[in-house]
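Because the structure is predicted, anything quoted here is derived from the model rather than measured. Remember, it's 1-based here, ligands and their atoms both numbered in the order they're listed.
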Amino acid sequence: MYKYRGVNISIVEGDITKIESDAIVNAANNTLLGGGGVDGAIHRAGGPMILEQCKRIGGCPTGEARITTAGNMPSKYVIHTVGPIYKDGKQGESELLYRAYYNSLKLLAEYNLKTIAFPSISTGVYAYPKQEACHIAVKAVMDFVDNEAGIERVMFVLFSKDDYLLYKDILDGTICNKLD
Ligand code: AR6
């Protein structure tokens, strides 16, 4: 567990659909109509109500975020965001990934929610290099905490041991230097 300016930041190895949090984040695509990876897992675990709400929302541009119920999952809401497809790093990918994290946090705060769990957005099918993606995720969270009040806990839920260890390494090198 890490603490940055009063906000608890933690890393967990596991399945985000099992996490209990005000909101879990889905790494979706522009249609919001489901897919593979974490998106498929969330729709399967949450049930058809999520897809119904997503259809009504009608899609989401890359870097933005939208909110639905979490259906049958233990969390209250799903924040669907769309990370960039990684090409060569020169197509604005880093800014788009940063915005996906930051806008998810903004939506959380708009709904007066306090706790959120993120998967490692864009690092599966969308092929974003994992180390850089982790640095961006951590920076977006820290910037948000610097600028806005209200959130209490941010959890990064990593699906593999390697991803967990990568996040641990990077958080040890950044946040723990900033303990309150
Ligand atoms: N819990 C936590 N993390 C998970 C889970 C899970 N249940 N399942 C997979 N991951 P990806 P993307 C990890 O491919 O790269 C979908 O088809 C996975 O190991 O899910 O943003 C969408 O519809 C990886 O580290 O998302 C889009 O079309 C991370 O989640 C596209 O994939 C993200 O991998 C989005 O691609």
Q. What class does the angle between the rings of Y128 and Y86 fall in, given that below 30° is parallel, 30 to 60° is tilted and above 60° is perpendicular?
A. perpendicular
Q: Measure the CG-NZ distance between L32 and K55 for me, rounded to the nearest 0.5 Å.
A: 12.5 Å
Q: Measure the acute angle between the ring planes of Y101 and F118, then classify it against the limits of 30° and 60° as parallel, tilted or perpendicular.
A: tilted
Can you pull every nitrogen or oxygen pair between ligand 1 and the protein closer than 3.5 angstrom?
residue  : atom   : partner : partner atom : Å
ligand 1 : 1 (N)  : I16     : N            : 3.0
ligand 1 : 7 (N)  : D15     : OD1          : 2.9
ligand 1 : 14 (O) : V125    : N            : 2.9
ligand 1 : 15 (O) : S122    : O            : 3.4
ligand 1 : 15 (O) : T123    : N            : 3.4
ligand 1 : 15 (O) : G124    : N            : 2.8
ligand 1 : 15 (O) : V125    : N            : 3.2
ligand 1 : 15 (O) : Y126    : N            : 3.0
ligand 1 : 17 (O) : G36     : N            : 2.7
ligand 1 : 20 (O) : V38     : N            : 2.8
ligand 1 : 21 (O) : S122    : N            : 2.8
ligand 1 : 23 (O) : N29     : ND2          : 2.8
ligand 1 : 23 (O) : D39     : OD2          : 2.7
ligand 1 : 25 (O) : T123    : OG1          : 3.3
ligand 1 : 28 (O) : N29     : ND2          : 3.4
ligand 1 : 28 (O) : Y126    : OH           : 3.3
ligand 1 : 34 (O) : G124    : N            : 3.4

Q.
Can you give me the closest heavy-atom contact between Y2 and I11, atom names plus distance?
A. OH-CD1, 4.3 Å
Q: For L105 and A140, work out which heavy atoms get closest and say how close.
A: CD1-O, 4.2 Å
Q) Hey, which of D39, T81, T17 is the one that makes side-chain hydrogen bond (donor to acceptor under 3.5 Å, both in side chains) with N26? A) D39
